Amino acid sequence: MATSLYRYVWRHTRREQIWMLVVVLLSIIPLFLSLNLPKLIINGPIQGEGFEGAGASLRYFTLTLPLPAFLGGPDHLVLLDGTSLQRMEALFVLSTLFLFFVIVNGAFKFYLNTYKGRLGERMLRRMRYEMVDRVLRFPIRQFRRVRPAEVASMIKDELEPIGGFIGDAFVQPLYLASQILTAMVFIFLQSWTLGAIALGVTLFQAVLIPRMRRRLLILGRERQLTARRLAGTVGEIIESMPTIRTNDTSNIVRARISEQLGRIFLIRFDIYQWKFFVKFLNNFLSQATPFIFYMFGGYFAIKGEIDIGELVAVIAAYRELPSPLKDLIDWDLMRLDVDVKYEQVAQQFEIGGLVDPAAQAAGAAGVSKLAGGFRLLDATIRDDTGAVLASGVTLELPLRERVAALGPLGEGAESVAEALVGLAPPATGEIELAGRPLASWPEAVTGRRLAYAEAAPYYPQSTLREALLYPLMHYPVPGMHPPETRLEAQMRHEAAASGNTTLDAREDWVDRSVLPAQPDREIALIEEAIAIVDLKRDVRRLGLAGRVPDAHAPEAGERVLAARALFSARLAEEGLGGAVERFDPGSFLRHATILENIVFGASREDEAAATRLLVRSDARRVLQQTGLGDTLAAMGLQIATTLVELFGEIGSDNPLLRRMDIIRPDEIDFYRQLVLRLGTPTGPIETGEDRGSLIRLALSYVEPRYRLGLVDESLRARVVEARTLFRQIASPLVRETVVFHDPDSFNPAATLQDNIVFGRVADATPKASARIDELLAETIGESNLGAVVLRTAFEFDLGAGAKRLSLGQQQKLTLARALLKAPDYLVANRCLSALDADTQARIVAAVLERAADPARPFGLFWVASSPGQGEPFDRIVRFERGRVADDGLAKSREPILSSPADAR
């Protein structure tokens, strides 16, 4: 990166800066003419100077060129003869011309500000892109030294003022100086005395104010550093939340945050005090100068040394000085500030060992398969502190061989696995891939022909499909993008102008040489990968719990209805018909909430938004018309009283309370106070807020789940009656959001499981529940719904860091997407450590079977989690104390020594 901000700006915006300078020079002409017009208007048409006689006129707009006397001719050359105007004509013409110049000067400012703004935003975009680009090229070990939140804060927040300054870097001081000099020259032309006064005050401000503001720079640096540390601390709090909760350290965290916030407060308060004192002084000097002009200028006007028009013109011209002078002083302060910020940010990104950009160059061309495997020659791997992780490792790893690496945790096997994929470059020795040093291969080869599965994967927030296909997103598929719209063309142009990549993230990036574009073939390969890693059941569960994507809903509808009928028939055959409570419009659903019984449908919105919409509108009217409102309020009071009696004395963080889904832990105190205020369960409910809270509590009640005996036959009948009324009076807004259950229709707002089962699974024995799950899986297979289930699961949001999945599921997902790459070599680094031994053995066997497939073979370096996992492999390498202790065929008693040192 450039060593200074000005070098960086000049390097990328040289042409734009020169063009703005030309515009500034052109803007001086109308500015000077607009300063002279008030004098012409006051002295001429207003005071009548030159219009003494009746019908007198004056010639305006003449343009002459002075000629030297030695030519012997006239002393000037008339270039423009001008126009004669009478007094009223002159008044209107000159006033209109003044307005015209006001518009022209404003247009120059508007153009310059807009141009500077666009230029600044482009440069801000360029700088952020370059910073992220450098982050992508950081040495892997650099990420263990930086706090992600601090890097994000630098790129997002600390570059913001730099981007705003870039457009002003060169042209702003020239533009402001031109305005100041134009006004100053004009004042001197009217009166040398007043010009000297204006110049003295201006120089005093220009020298004193920047010196006083230097302290603001020091405070600004301190504020920036403390704010950056605060961002890093907040990021660490979020990442370490489980540790905080399980160790009761939230209060020390609060104390540390309070200390940091206090330090920031003192710095910011000091900045405010100093800044407003400087502002007060600057404003005082700006306002004191007109006082001098009024006094001395009035004195000169009374003495007749200057006329009234000149005095008014001087005052008007000086009125133009404070604003550009203040802006110039502010610009100088910002220049110093952003220069320091740029240096501070640039230092954090100017590190050695960056990956060569050529190694990450984008390319649409396919990558040939590897011609050979790995070769480690006396490789030694160290960590950041210099400690040896693996020492003198010499290994031959043929391309098609399946190798198991065994050894206790931290004894070297994991470090070698990281080294094979470039995550831990050797300190000494060499690692070769296909006869070339591993470091010499571009990422287009290592990232496509090698696959890596680790024990602690990290997933950014994304859908399941994006997470699965992420390793295949190398370059947009040529010819797959439709014609560009005008907006897309503009975005591509701006990306190029800002130095960003012009590749479009919205295109299809999946490598179609690995995963064909044919939907059936794509689904088949994905299903194969998730089946190998034993993730099929989890994915089916996610799919059944989700809504079918709108794009696939029409084609899925008929198959889902056929599956519904088949599933119902299979339940009857198994004698499990009573285990599922069907969605019957005329019956009360015992295993659904009262609100679900009244609505009897599914909402397209999330649960919280749907509840708010229903409770506040049509459901409330239904409760009023049927009289259910009073019944449910009394029922809610009984529920609250019971819950308070059971849980009122325990804390809101008690695990028992967190298992209750009818009430949130943080609501127990509210309902405790409500019960105390109302007295008894039969007491009157005075306020609408209390009534609404109790009704919401009752609407979430499910009798078989909570067993308080509050739902009788009479209430069931009234709820079914309310259901019919709700469907009749539902507003258009509710009808757009809610889709009612219909036995003969597919419900696009309901989950896939609700559409197939079309009911609620009642309380059943574990054996019956397991059999129902088996029947559901069989029905999906027989109805050819596997692809629909998978596409529905694709839309599941994994959450930040995939926290909505267990660690075992994350590990399975990591291995599945590594297999989807169809690699030449797979490095698995204890990638199934969170799973039980039987599951690990089953997955390892499936992966080995897949690796031996003649159509798509690949080599394996599998760092096993337990010694017994090495038996199915072709070869076992044992690590002890960072060295290869044993290297031989899996079932051979005779080890193959890895080096002469081992033989000795």
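On a predicted model such as this, the values are computed, not experimentally measured, just so you know.
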* For Thr226, side chain to side chain donor-acceptor pair (under 3.5 Å) partners two or more places apart -> none
* Structure fact -> Shortest non-hydrogen pair, Asn500 vs Arg126, comes out as ND2-CA, 4.0 Å
* **Trace of the side-chain contact (heavy atoms from CB on, under 4.5 Å) decision for Leu230 with Ile257** => CA-CA 8 Å; Leu230 176 65; Ile257 284 292; 3.9 Å; yes
* Step by step, work out the side-chain contact (heavy atoms from CB on, under 4.5 Å) result for Arg122 and Thr13. => CA-CA 10 Å; Arg122 280 180 178 173; Thr13 64; over 6 Å; no
* To do: With sequence neighbours excluded, tell me which residues meet side-chain contact (heavy atoms from CB on, under 4.5 Å) with Val421.
  => Leu423, Tyr452, Val827
* Asked: Looking only at atom types and distance, does a side-chain atom of Trp509 sit under 3.5 Å from a main-chain N or O of Tyr470, one as donor and one as acceptor?
  -> no
* Looking only at heavy atoms, what is the nearest atom pair of Leu438 and Gly422, with distance? -> CD2-N, 4.0 Å
* So which heavy atom on Leu112 is nearest to which on Met20, and how close? -> CD2-O, 4.1 Å
* Check whether any side-chain N or O of Ser27 sits under 3.5 Å from a backbone N or O of Val24 as a donor-acceptor pair, and report yes or no. => yes
* **Interatomic distance, Ile28 atom CD1 to Leu33 atom CG [nearest 0.5 angstrom]** => 11.5 Å
* **salt bridge (Lys or Arg N to Asp or Glu O under 4.0 Å) partners of Asp133, counting only residues at least two apart** => Arg137
* If you take all heavy atoms of His474 and Gly447, which pair is closest and at what distance? -> CE1-O, 4.1 Å
* Asked: Is there a side-chain contact between Ser498 and Tyr129, using heavy atoms and a 4.5 Å cut-off?
  -> no
* Report the distance from atom CE of Met127 to atom CG of Leu5, rounding to the nearest 0.5 Å. => 6.0 Å
* Between CG of Leu503 and OH of Tyr475, what distance do you get to the nearest 0.5 Å? -> 5.0 Å
* Structure fact -> Taken in chain and number order and not counting sequence neighbours, the residues that satisfy side-chain contact (heavy atoms from CB on, under 4.5 Å) with Ile103 are Leu99
* Asked: Got more than 12 heavy atoms from elsewhere within 6.0 Å of CZ, Arg436?
  -> yes
* What pairs with Tyr111 under side-chain contact (heavy atoms from CB on, under 4.5 Å), at least two apart in sequence or on another chain? -> Trp19, Val23, Tyr115
* Asked: Any side-chain heavy-atom pair from Arg118 and Thr114 closer than 4.5 angstrom?
  -> no
* Short N-O contact, Arg125 and Glu121, less than 4.0 angstrom -> no
* To do: Report yes if the side chains of Leu798 and Gln810 come closer than 4.5 Å at any heavy-atom pair, otherwise no.
  => no
* **Partners passing ring pair (Phe, Tyr, Trp, His ring centres under 6.0 Å) against His12 (at least two apart in sequence or in another chain)** => Tyr8
* To do: Quick one: pull up CZ in Phe100 and CG in Asn105 and give me the separation to the nearest 0.5 Å.
  => 9.5 Å
* Closest approach of Glu507 to Pro476 (non-hydrogen atoms, all atoms of both residues) -> OE1-CB, 3.2 Å
* Distance-only, no hydrogens or angles: does the Glu16 side chain make a donor-acceptor pair with backbone N or O of Leu119 under 3.5 Å? -> no
* If you round to the nearest 0.5 Å, how far is CD of Glu443 from CG of Leu450? -> 11.5 Å
* Which value, rounded to the nearest 0.5 Å, describes the distance between Arg817 atom CZ and Glu466 atom CD? -> 11.5 Å
* Asked: Which atom pair, heavy atoms only, marks the closest approach of Lys821 to Leu472?
  -> CA-CD2, 3.7 Å
